[in-house]
Amino acid sequence: MAPEVTERDAAATAAPPPRGRAVRRILAGRESGVLGALLLTVLAASFLVEGFATGRNAGFLILDVAAIAIIALPMTLVVITGEIDLSVASTLGLTSAVMGHLWVAGLPLETIVPLCLVLGAVLGAVNGLLVTVAGLPSLAVTIGTMALYRGLAYVVLGDTAVADFPPAWTAAAVGRLPGTDVPQVAVLIMVLALAVGVLLHATPVGRSLYAIGSNDEAARFSGIPVRWTRLWLFVATGAGAALAGVFWTLQYGSARADNANGLELSVIAAVLLGGVSIFGGRGALPGVIGGVLLLGAIRNALQLADVSSDTLNIVTGLLLVASVVAPNLVARLRERRPRSGVPPARPRTPDRPLRTEES
Amino acid sequence: GTTRGDADGAGEQKGGGKADPDAKIPEGLKISYLPKQLNNPYFTYANSGGEEAVEELKGEYKEVGPSEATASSQVSYINTLSQQGSDVIVIAANDPNAVCSALGQAQQAGAKIVTYDSDADPECRDIFINQASAKGIAETQIKLIADQIGGKGEIAFLSATPNATNQNTWLELMEKELEKDEYKDIEVVDTVYGNDDDQKSFQEMQGLLQSHPDLKGVVSPTTVGVAAAARYLSDSEYKGDVKLTGLGTPNQMREYVDNGTVESFALWDPKDLSYLAAHVGASLQAGRITGAEGEEFTAGRLGDYEVGAEGEVVLGPPTVFDAKNIDEYDF
Amino acid sequence: MSAGSGTGASAPVAEHGGGDVRGARRLRQVRELGILLALALIVAATAVANPGFLSGQSIRDLLLSATLLTILAVGQTLVIVTRSVDLSVGSVLGLAAFATGTLFAAFPGLPVAVAVLAGVALGAVCGAVNGALVAVARVPALVVTLGTLYAFRGVDYWWAAGTQINAADMPASFLGLGRTAVLGVPVPALVALAVVLAAGWYLASYRSGRELYAIGSEPHAARLSGIPVDRRIFAAFVVNGALAGLAGVLYAARFGTLDATVGTGLELQVVAAAVVGGVAIFGGSGTVYGAALGAVLLTTIGSALPVLRVSGFWQQAVVGLLILVAIGMDRILAVRAARRLRGGGPDGT
Amino acid sequence: MAPHPPPDPPPLALVDAAKSFGMVRALRGVSLDLRAGEIHGLCGENGAGKSTLVALLAGVHQPDAGHIEIDGAPVALSGPAAAQRAGVAVIYQEPTLFPDLSVAENIFMGRQPLRGGRRIDRRAMRTATAELFARLGVRIDPDRPARGLSIADQQLVEIAKALSFDARVLVMDEPTAALSGVEVRRLFAVARALRGNGAAILFISHRFDEVFALCDRITVMRDGGHVGTGRAADLTVDAVVRQMVGRDIATLYPERTPAPGAPVLEVEELGRRGVFSGVGFTVRAGEVVALAGLVGAGRSEVVRAVFGIDRYDSGTVAVNGRPLPPNRPAAAMAAGVGLVPEDRRQQGLVMELSVERNATLTRRWALSRFGLLRRGAEASAAAGWLGRLRVKAGDTAAPVATLSGGNQQKVVLAKWLAGEPAVLIVDEPTRGIDVGTKAEVHRLLSELAGQGIAVLMVSSELPEVLGMADRVLVMHEGRITAELHRDDATEEAVMFAATGQHAGGTAPGGPPPEAAR
Ligand SMILES: Nc1ncnc2c1ncn2[C@@H]1O[C@H](COP(=O)(O)OP(=O)(O)OP(=O)(O)O)[C@@H](O)[C@H]1O
Ligand SMILES: Nc1ncnc2c1ncn2[C@@H]1O[C@H](COP(=O)(O)OP(=O)(O)OP(=O)(O)O)[C@@H](O)[C@H]1O
Ligand SMILES: [Mg+2]
Ligand SMILES: [Mg+2]
């Protein structure tokens, strides 16, 4: 995706400090805002909302956002390369349906689960091939596959639900670590997050993702296998969605074609809230994790405080808007201020700096 | 490996303890309603009955729910309710199984679970308040349509989502009912799904009529579907030729009954359903009943009820609305 | 470079830019033709399978069904062309529809025109909120409108508070709007047609219309050209909001039953219609005619599948597949056009 | 300052203007007046602040201090529109076109000729565009979209756009950087005609012959400051260079004693339908081979295909005797090929990444251990080359977008030199680079060749081609029409071959490809 004016200005805030090293850069970026907001929310909710600050509730919270988190990890990478995948929830639904179908057909779960992950990877690869080989915009492609995969889910399982999964498995999905209220799935998510985080922030591959997202042509001229990389990211996202599908099916003990309908917007919202630029090239994983947790925590706290779901919707929406508007306003205010030691982040090329200030 | 064959005898222990019909219902019971979807007019109306009952019982009434009718968001609300220490959770399940484990946890935390409108797996609730026995609903609707089309011809079903538990049960029972000899000339040619979405139902109705030129009647056992179908019919050339009945609310259907598109349709009074649920929940929590078959109890203004098989309590037969009586109802 | 030396002034004038420009242009025109063709194919195939599909009633139904999506797609095109997107249209439509109904419920004698204007105005206000956030705060439209998608819907829920407005609450004259026909064409469809023609005419023939394309094509260059970028983007959002409001009013008139869930999930359909209609998702190209055709195509598919007795379970899958085919075809045409233009160039990444 | 103040106030003047970007003081108190009927040259190193000055004149930025005067009256230009209204037309350093719109619309955007009902008059617009191109002596279809135009053609459209304003003041920021001799001469003729009609013109270029050929007065800037303004007739190139860089530049082109070794890069019968065909050549170790030709001859396409960016339909590319798989830049890099592309903004740099990360982008894997990046190694690797090329960057962690055009070009060079390639392909390596750096780049290239690297250089600057190359390949319409040895390579010979006139040298190619445009 080509960068766009508005986003470019948001870039301002992301400009690193003079001797910007990783930590300070993260502090200066949008991520810090999200993480700060998360901290604030958790603190405020702990004091103000009865029943929030308990281990049991934390467990509920984590289970609530687990599927979103699992998908948001690879989705972050996709968005950083300037693409998007709207078909994840449908991939989840199709995997769930296939899982139910195979279970009814008598296959052992030990076989079904890997098959489902492979299926997810294949579905992701279809997206990836349409984007990289056919050169179609991912937003359009995945709107199409979103309908296609969800439709296939109905074809596979129709209007039935498969719900007789073995209790050992379903219990494991929502099971807690022995002696704690922490769901086991949290460990899985942490391991995945660590892997994705290292990949993104500390390896040459991660570096190339940012390059692809900012300017894929220059990335190609630098010898980065742009298409190949993107293809793999879509495959990973598909597999991630499938993993979430398996987890979802076991968590709710119910394989249905309409599972996780509409989850894609929650995932995207979390990723964007986490400070990843929708135009690619910018974002960090801690921010995304913060985004996922922030959305979950707010939802959970407001529910506990008996705030109705209408208000929840409004709060979620406003939060998203604020997450992009606030840093921009801060940057602009800072810019207005007379020059101080802090370099007002105001970088645009001398060639394209030429931002007009008509108002 | 773990296959479907390995049946596990997860034994179920239900209605632990003995019922004490004279137990006093404590005041201040937290009775929480969790409809399929908040802001759904049907549930809004229904739950006003719940509120009435909770007031009678001097309890704390609460209604929470997701803005989209999915099981996963209901689970999150069940957790919240159990975290808040609700005494009774009255829920219309979006998926009989998906809410199960959360309901189980709530039960462990001391809540009594009453399902209404749409049941959860019997293992995970104490009592289900059935709006009308499924059989009664199926029989009433088939009778209505058969009378209207003169006992023979093609009919079709316009249902809600392909997954709705109650819808599918009714569809099944209606087909069974049609096997009876008196209905042998009636043929079901199609079943379509409007997803409880007005526009989709409208389009599906349109599709039905175009693809089945000989269609005589349509049964739509969902309030959204029947209203959309009636609206389509009332403007189309099929008005009067194709009969429509189903489950609808009087307010939505009044116009079409008045203009002759629809002769009659059926529904229970959802307010009573919800009212009954509160009494059942309170009785459970008080220990008056445990959910075992044959237990009897009194539910305020509705009078006496008996717990049926599998912990089901049936509200009563559905009401049939037609031009004569429709103006007596306002919901 | 030593200007003034070399082989003298007799150097031939080189043909610059090259490429088969005319061929490329022809290919681009085919773009909309392609959708039209697909549309004709589907209609023909359905009509062969079931002649009832071409009955007057059925065509009226089809036109009516396509109306809302078409109006929304036109508005969305204005926004997408500027390299933005508005995901909140479904919520805006719902809000406007509910507002119209509420207005009638509160003031039963209200003239229809006033209610229509009120709905449109409410839509425009929502659009202005989006536009202000996007243009003034200069933040990505996708994020902002994803936020307002939730927020507007929340307001709608909060306002409706579980109530429903039924046909009986609205005057027959208003509901008639959704039913009366002029020369056999339903009034809403005429409204949609007028909207399409007006928007198409405006985009093609007026400076400010062309400036929308310029902004979407290269926002930075647009600012350098002295185009009031923010104002134009703002205006595009306002118009889009107003059109969503209009669609909401038409929804109310046509469907009669209104609650807070009206229009849920419509946004992706609208974007799909525009994209299928050849509007480039990254701005700068595409026409409202294409978008309108895309909307009609999607609606036709939606109506044809039940008539063709495609199982309900297959319908969604088929729609998805057709969307992919449509954008794939569009891409093939675009690539061909580009080939003709440059006879090569880097293979896009 | 000017010895004889003119009677009329200058149509546009900058008075004591200062502008900072964060910590970077791009302009510090610069004054400049553009007089009617005069062409004013502006020289300065990369990053001296020329483009910033242009941005102030264009209303894109507002000065932090000082002000702009129009006809002697101070004004505040609130934006590009305000400057346009004041009669200032600007050609920016980098083309600013709308790729999706037609060339004609690009030129007249926002000012399209109208007919009844304020509708756009397309026919009038097309005719006007054709007239503008006729004045410039180029033929570009007014109806074609701007997407796909080469940089040179884009620049020509920009020039046409600026002319279409009929402005009193014309500001041109390096308009000739992408043009070849023919277009430059046309442009100059047009500029002189405008001067004759009383326009005030500001002309920026790094090519002194152009500046001296065209300009009446010349202003030199250094480090954001004003060094001096004088009549061109009173100045010499050496004097200007000394003012610019604060020292003498010994020579632009280093003395070289080529000692070609074994063939490293061998290209045979390379062809791509409609673009080029039958292209074959060899570059030996330690040799600098130039690929010359008119703009649009297809040179960039050939080197892109060699590097694997573009597909090709026929032929082979081999490095050190081993064939390269087509369409795989990574494989080309692994074989030791590097390509400095012609379009630094689109192809060379990732504008949002930091200077440092851009410089090390091609060495991601080499600078990591166990698959993990080592920041220390990255920083020092970047610092080394950025220093050698004297990249002027306040902060290497800042986005590369904050650098001046020339400095960006240096970062692209650093990025590829850091990889220590066996074959270095440079496409217009010194476009937009100031004299000092240019000499440095030339010295570097020849030093690299001296170390046994095979250098293939695409350049539109004839003096550069003649000064640097051991061998010159000349392309015309997608074919190599001549191969000239250093001693045979004269301006005339190259131009003959480049215009397809087959004079001098041998013409290995046959007739031009049938598929040519
Ligand atoms: N938007 C910006 N943000 C930060 N620094 C900038 C910006 N624009 C320009 N600069 C800095 O201002 C200085 C002057 O840049 P400018 O582009 O005016 O140079 P120039 O003389 O045009 O150079 P060149 O000949 O390379 O084009 C440079 O150091 C550059 O890095
Ligand atoms: N990015 C591009 N996209 C599409 N077509 C291009 C592109 N770049 C160049 N072309 C086309 O390819 C032809 C030759 O390109 P180009 O002008 O770059 O050749 P060249 O000999 O490398 O010239 P120079 O390097 O001096 O600009 C031109 O006719 C141009 O239209
Ligand atoms: Mg410059
Ligand atoms: Mg070139």
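Worth knowing before you read on, the calculation uses all heavy atoms, side chains too, and leaves out hydrogens, waters and symmetry mates. Residue numbers begin at 1 in each chain, while the letters A, B, ... track the order of the sequences.
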Part of [X] within contact of chain C (heavy atom distance under 4.5 Å):
X	value
A:L130	side chain
A:L86	side chain
A:T311	neither
A:A269	both
A:S87	neither

note = The reported gap from CG in C:L122 to CZ in C:F152 (rounded to nearest 0.5 angstrom) is 8.5 Å

request  = Would you check if the side chain of C:T82 reaches a backbone N or O of C:V79 as a donor-acceptor pair within less than 3.5 Å?
outcome  =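 A pair under 3.5 Å: yes.
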
ask   = Is it true that a side-chain atom of A:R150 and a backbone atom of A:A257 form a donor plus acceptor pair closer than 3.5 Å?
value =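 Confirmed, A:R150 side chain pairs with A:A257 backbone.
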
Taking [options] one by one, which has the highest count of heavy-atom pairs under 4.5 Å against chain C?
options	result
A:D310, A:T145, A:V315, A:L320	A:D310
A:I212, A:L318, A:V141, A:L312	A:V141
A:V155, A:L136, A:L265, A:V321	A:V155

task = Report yes if the side chains of C:V136 and C:D230 come closer than 4.5 Å at any heavy-atom pair, otherwise no.
result =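 When only atoms from C-beta onward are counted, C:D230 and C:V136 do not touch, as no gap falls below 4.5 Å.
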
task = With the side chain counted from C-beta on, respond yes when A:I143 and C:V275 share a heavy-atom pair under 4.5 Å apart, and no when they do not.
result = no

request  = Write down the atom of A:F234, the atom of A:E83, and the distance for their closest heavy-atom approach.
outcome  =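 Of all heavy-atom pairs spanning A:F234 and A:E83, the closest is CZ-CB, 3.9 Å.
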
request  = Using non-hydrogen atoms and a 4.5 Å limit, figure out which bit of C:L149 sits close to chain A: side chain, backbone, both or neither.
outcome  = side chain

ask   = Between C:I281 and chain A, which part of the residue has a heavy atom less than 4.5 Å away: side chain, backbone, both or neither?
value =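 Contact with chain A: side chain only.
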
query = Do the charged groups of A:R227 and A:D216 touch, with an N to O distance under 4.0 Å?
reply =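 A salt bridge is absent here (no side-chain N lies under 4.0 Å from a carboxylate O).
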
Chain A contacts, top residue of C:I323, C:L321, C:V85, C:L324 (heavy-atom pairs, under 4.5 Å) =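 Between C:I323, C:L321, C:V85, C:L324, the count favours C:L324.
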
task = Could you tell me whether C:W159 atom CH2 has more than 12 heavy atoms of other residues or ligands within 6.0 Å of it?
result =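 Counting neighbours around CH2 of C:W159, more than 12 heavy atoms of other residues, nucleotides or ligands fall under 6.0 Å, so yes.
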
